[in-house]
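Have a look at the structure below before the remarks.
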Amino acid sequence: MTELVAVIAKSLVNCPDQVQVTETQDSQGSVIQLKVAPEDMGKVIGKQGRIAKALRTVVKAASTKAGKKVIVEIVQD
């Protein structure tokens, strides 16, 4: 799932080399944290959070197909 989030995020931002995706295990499942450059934060979130919601929807669909539970968090430095 981390590769999926990384590919989508890198296609959205101006600085793809600053995209960092980490995955940790939680009691509820996997948590994927996405970090981007501060100037690219708006591009990843989108107007009214539409891009972030779409990203989470794609990851949820892929994780459901794989039989896992995955949460995507967009974090700031």
Side-chain angles (χ1 to χ4, degrees):
M1 294 299 151
T2 57
E3 296 87 15
L4 176 64
V5 173
V7 167
I8 294 171
K10 286 180 181 180
S11 67
L12 292 171
V13 299
N14 287 334
C15 302
D17 55 329
Q18 293 186 11
V19 173
Q20 296 176 351
V21 180
T22 57
E23 183 175 7
T24 57
Q25 295 297 325
D26 194 356
S27 61
Q28 300 172 345
S30 298
V31 177
I32 296 177
Q33 293 184 337
L34 172 63
K35 291 183 185 178
V36 296
E39 61 269 10
D40 289 331
M41 188 63 70
K43 292 184 180 183
V44 173
I45 295 173
K47 288 187 178 180
Q48 297 179 350
R50 289 182 181 158
I51 303 294
K53 185 177 178 183
L55 176 65
R56 289 183 178 115
T57 301
V58 169
V59 171
K60 184 176 179 182
S63 66
T64 302
K65 188 173 182 180
K68 300 178 182 178
K69 182 170 181 182
V70 179
I71 299 170
V72 177
E73 293 180 350
I74 301 171
V75 294
Q76 292 181 349
D77 287 337

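In what follows, every heavy atom counts, from backbone to side chain, and hydrogens, waters and symmetry copies are set aside.
- The side-chain heavy atoms of Gln18 and Val36, taken from C-beta on, include no pair separated by under 4.5 Å.
- Note: Ile45 CD1 to Arg50 CZ = 14.5 Å, rounded to the nearest 0.5 Å.
- Taking the side chain to side chain contact (heavy atoms under 4.5 Å, CB included) definition, one finds that Gln20 meets it with Lys35, sequence neighbours left out.
- For Gln48, the CD atom counts as loosely surrounded, since its 6.0 Å shell holds 12 or fewer non-hydrogen atoms of other residues, nucleotides or ligands.
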Quiz item: Going through the distances and angles, do Arg56 and Ile74 end up as a side chain to side chain contact (heavy atoms under 4.5 Å, CB included)?
Solution: CA-CA 10 Å; Arg56 289 183 178 115; Ile74 301 171; 4.3 Å; yes
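- Of the inter-residue distances, the one linking Lys43 atom NZ with Met41 atom CE reads 13.0 Å to the nearest 0.5 angstrom.
- Hydrophobic clustering, with ILVMFWY side chains joined whenever heavy atoms are under 4.5 angstrom apart, keeps Val31 apart from Leu55.
- Taken together through direct or relayed side-chain contacts under 4.5 Å among Ile, Leu, Val, Met, Phe, Trp and Tyr, Ile32 and Val13 form part of one hydrophobic cluster.
- Going from atom CD of Glu73 over to atom OG1 of Thr22 covers 9.0 Å, rounded to the nearest 0.5 Å.
- The hydrophobic clustering, which links ILVMFWY residues whose side-chain heavy atoms are closer than 4.5 Å, places Val19 and Val7 apart.
- When every heavy atom of Val70 is checked against every heavy atom of Ser63, the shortest pair comes out as CG2-CB, 3.5 Å.
- Side-chain contact check for Ile71 versus Asp26: every heavy-atom pair is 4.5 Å or farther apart.
- Taking 4.5 Å as the limit, every side-chain heavy atom of Ser30 sits out of range of all side-chain heavy atoms of Lys69.
- The two residues Ala9 and Leu34 have their closest heavy-atom pair at CB-CD1, 3.8 Å.
- Side-chain heavy atoms closer than 4.5 Å link hydrophobic residues (I, L, V, M, F, W, Y) into clusters, and following such links, even through other members, never connects Val5 to Val75.
- In terms of heavy-atom proximity, Glu39 sits nearest to Cys15 at OE2-SG, 3.6 Å.
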